[in-house]
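Just below is one structure, and these are the notes that go with it.
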Amino acid sequence: MSSATNPVIIQSDRSVLLEVHNPLYEEARDTLAIFAELEKSPEYIHTYRITPLSLWNAASSGVSVADVLNGLERYSKFPLPDSVRTEIQQLMGRYGLVKLVREDNKLFLTAEDPLIILEIVRHKEVKPLLGDDDRNDDSQSSSTRAEINPEARGQLKQLLMKLFYPVEDLAGYMAGTPLPMAWRTDNSESEPFALRSYQQEAVATFHQQGSVHGGSGVLVLPCGAGKTVIGMGVMMELQCETLILTTNTSAVKQWLRELTDKTTLDISQIGEYTGGKKEICPVTVATYQILTHRSRVDGNFSHFHVFNEKNWGLIIYDEVHLLPAPVFRATADLQAKRRLGLTATLVREDGKEDEVFTLIGPKKMDVPWKILESQGWIATAECMEWRIPMSKARRMDYALAEEKEKFRLAAENPLKSDKVSELIERHRDDLVLVIGQYVRQLEMLACELDAPLITGKTPQRERDRLYEEFRSGRLRRLVVSKVANFAIDLPDANVAIQVSGTFGSRQEEAQRLGRILRPKQGESKAYFYSLVTKDTKEQEFAMHRQLFLTEQGYAYKIMIEENLE
DNA sequence: CAAATCGAAA
DNA sequence: GAGAATTCGATTTG
């Protein structure tokens, strides 16, 4: 029961504070993870929130109201507020009022209380999603069930969630065509391959719960945590034909490489479905882009047939936070397939996280960056923001500029280049990436630093040559544009200097930090510098970008450069 | 026929 | 609220 030495404080707004350095931290964390969302994880106190969605997700994996209340009471410093207790009972009680069942290959919504079914079938947005069965007619108003259109299974669940009737989906998953596979043991590299402990845990968490409930979900893992390996781990468990969706062709190549390298699957069993090749094999890797492509003639999606081409038993969504809206809709129709979403950050600047949860599945596991850092899988990072002044003349220009030009004026502040040179000098023996947003600015910097520049227009051969030199250490500094956000073949560095970035994108910041967090031999210490112009809009945007990293527990040191005039 | 180039899309 | 990168299909080129 509650005791002052416990690690948790529960507030009446359903937020939960957890002390990280308390001896009961780990137990309490594992308990909270079951029914609350981790919102912030700075160094000393983590914040969780109990939301309707998080409670329903818990309920869907078999957790009861009593489990939640006991869990909270066990670790709380103070007695549980009554309002919180009541709300939890109320909210969780709604889960399962409506069930989705399969009978003779038809899908039905059922409820014990006919009034609930009546309320639902009368709802004007629900109506078009029901089966055309005439039993759904108003004359049958005392019915405890209603037939639905199987294609609308996802859409309907989404809609009912909004109406506060979270559906207990008992209709199950299709197993998909079986495909035997195993990890390769005869690997050409001498080290035998093994899943890291948290990777194993992730696979188990996804797979564990019964076949009805445990079929879909999202795993949140930092960059460099080995997402493809975990995806393959899940494939090993399910042993079935799999469709893998990624953001771009280099990610496709990466999956293909890893699959051939680490599994017993034969090359003939692995296919690439992109602009270049159109193979459909028992394991197929495709880009989101090709799926969203519409025919020029009739405006229809020309490649959606991939979803139905084979009897997929598992669909893996790589970087699920980038899932485009049309694929969302297609996915809504695929509720009978097992779905695995992989992502480093479940933040979407468009706030569609809830849709990911409803259509792909609940978040099954969240590995905070700091945990990986403490286990030595990623490097420790020092983040620093330098605030650079503008020249008098530029300050004048800035003051007179149109609102929309201001950001660019601030971002391209030429005084930044002095600081870049200084930082490069300080890291003479390190591998340094200079990352920026505007090609013009980068061209100037590259010239001053006498370092090569890589932008979108740089031909692949040129890129490969530069990457190679950088990897070998002959080349110690590289200026890159936004290609850095996507190019996964970019070699690892241990210092990044960001001279400009997009309007406050948290994702981008995370990705760029991820670039330098791969552990290196010897001292695994990384430096991340962000250069912003003092007292401008840029400074505000930088603040927003950093939010995610602050949430993950990284502290920014702020350094202010004085005006020279 | 494959590689290189181009414009459109989102 | 704007600029950069990417990708796809079509067209041209060797």
Side-chain angles (χ1 to χ4, degrees), chain A residues 244-256 272-279 284-306 318-319 321-330 348-352 398 401-413 433-446 453-464 466-467 478-490 498-509 511-512 515 533 536-538 540-542 544-545:
Chain A
I244 300 166
L245 304 178
T246 67
T247 51
N248 56 33
T249 36
S250 28
V252 171
K253 299 264 159 50
Q254 161 111 353
W255 274 95
L256 295 172
E272 170 184 344
Y273 196 92
T274 58
K277 277 186 196 160
K278 300 273 183 297
E279 303 165 341
T284 299
V285 191
T287 60
Y288 291 130
Q289 199 127 5
I290 198 160
L291 290 170
T292 52
H293 191 268
R294 288 161 187 273
S295 149
R296 231 163 262 190
V297 197
D298 53 12
N300 286 328
F301 294 102
S302 359
H303 297 284
F304 268 22
H305 67 90
V306 174
D318 196 11
E319 312 290 357
H321 59 285
L322 298 171
L323 192 64
V327 182
F328 260 136
R329 256 162 264 138
R348 288 172 72 102
E349 303 302 333
D350 66 0
K352 295 239 169 103
Y398 184 83
E402 296 274 334
E403 277 307 302
K404 41 185 170 184
E405 289 164 10
K406 285 191 168 179
F407 182 80
R408 182 152 189 171
L409 265 175
E412 293 192 309
N413 181 5
L433 287 177
V434 178
I435 310 175
Q437 142 109 328
Y438 300 105
V439 174
R440 261 180 21 212
Q441 177 190 26
L442 292 170
E443 279 166 350
M444 277 174 49
L445 271 171
L453 168 70
I454 297 181
T455 70
K457 314 199 269 296
T458 313
Q460 193 61 48
R461 281 172 58 196
E462 180 78 356
R463 290 187 202 191
D464 290 340
L466 291 169
Y467 291 162
L478 210 50
V479 183
V480 292
S481 70
K482 277 181 81 165
V483 284
N485 291 8
F486 300 94
I488 51 171
D489 45 356
L490 189 67
Q498 173 170 254
V499 293
S500 53
T502 349
F503 298 73
S505 159
R506 285 175 281 177
Q507 257 179 50
E508 184 174 276
E509 196 87 345
Q511 207 121 34
R512 289 181 172 178
R515 280 266 158 257
T533 303
T536 62
K537 292 176 100 64
E538 196 190 20
E540 292 164 40
F541 284 124
H544 184 249
R545 278 205 304 267

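In what follows, every heavy atom counts, from backbone to side chain, and hydrogens, waters and symmetry copies are set aside. Throughout, protein chains are lettered first and strands after them, A, B, ... in sequence-line order, and every chain is numbered starting at 1.
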Please report the distance, rounded to the nearest Å, between CZ in A:Arg329 and P in B:dA10. 12 Å
Taking only residues two or more places apart in sequence, or in another chain, which ones meet A:Glu319 in a salt bridge (Lys or Arg N to Asp or Glu O under 4.0 Å)? none
A:Gln441 CD to C:dG3 P, straight-line distance once rounded to whole Å: 14 Å
Measure from CZ on A:Phe407 to P on C:dA4 and round the result to the nearest Å. 12 Å
Only stems of 3 or more consecutive Watson-Crick or G-U pairs count here, both distances under 3.5 Å; name the ones for DNA chain C, or none. B:1-9 with C:6-14
Suppose we screen for ring-ring contact (aromatic ring centres under 6.0 Å, His included). Which residues come up paired with A:Phe304, at least two apart in sequence or across chains? A:Phe301, A:Phe307
With A:Tyr467, which residues qualify under ring-ring contact (aromatic ring centres under 6.0 Å, His included), at least two apart? none
Contacts of A:Ala542 meeting side chain to side chain contact (heavy atoms under 4.5 Å, CB included) (sequence neighbours excluded), chain-then-number -> A:Glu385, A:Val532, A:Arg545, A:Gln546
Measure the shortest side-chain to side-chain distance between A:Leu453 and A:Glu443 over non-hydrogen atoms and say whether it is less than 4.5 angstrom. yes
Do any N or O atoms of the protein come closer than 3.5 Å to N or O atoms of nucleotides 1-6 of chain B, and which pairs are they?
none

Output all residues satisfying ring-ring contact (aromatic ring centres under 6.0 Å, His included) with A:Phe407, sequence neighbours left out; order by chain, then residue number. A:Phe503, A:Phe541
List in chain and number order the residues that pass side chain to side chain donor-acceptor pair (under 3.5 Å) with A:Thr274, two or more places apart in sequence or in another chain; answer none if no residue qualifies. A:Glu272
For A:Arg440 and C:dA4, what is the distance between atoms CZ and C1' respectively, to the nearest whole Å? 13 Å
Report the distance from atom CD of A:Glu443 to atom P of C:dG3, rounded to the nearest whole Å. 16 Å
Run the ring-ring contact (aromatic ring centres under 6.0 Å, His included) test against A:His303 and tell me which residues pass, sequence neighbours left out. A:Tyr273
Provide, to the nearest angstrom, the distance between the NZ atom belonging to A:Lys537 and the C1' atom belonging to C:dG1. 10 Å
For atom CD of A:Glu508 and atom C1' of C:dA4, their distance in whole Å: 10 Å
Under the salt bridge (Lys or Arg N to Asp or Glu O under 4.0 Å) test, residues paired with A:Arg463 that sit two or more places apart: none
Could you please spell out the steps behind the side-chain contact (heavy atoms from CB on, under 4.5 Å) verdict for A:Leu442 and A:Thr455? CA-CA 9 Å; A:Leu442 292 170; A:Thr455 70; 5.6 Å; no
Just call it for A:Tyr438: base, sugar-phosphate, or nothing, with non-hydrogen atoms closer than 4.0 Å on any strand. sugar-phosphate
Quick tally for nucleotides 5-10 of chain C: nucleotides whose base has a protein heavy atom under 4.0 Å get B, sugar-phosphate-only ones S, the rest -, giving SBBSS-
Distance in angstrom units between A:Phe328 CZ and B:dA10 P, rounded: 17 Å
Can you name the residues that form a side chain to side chain donor-acceptor pair (under 3.5 Å) with A:Lys482, not counting sequence neighbours? none
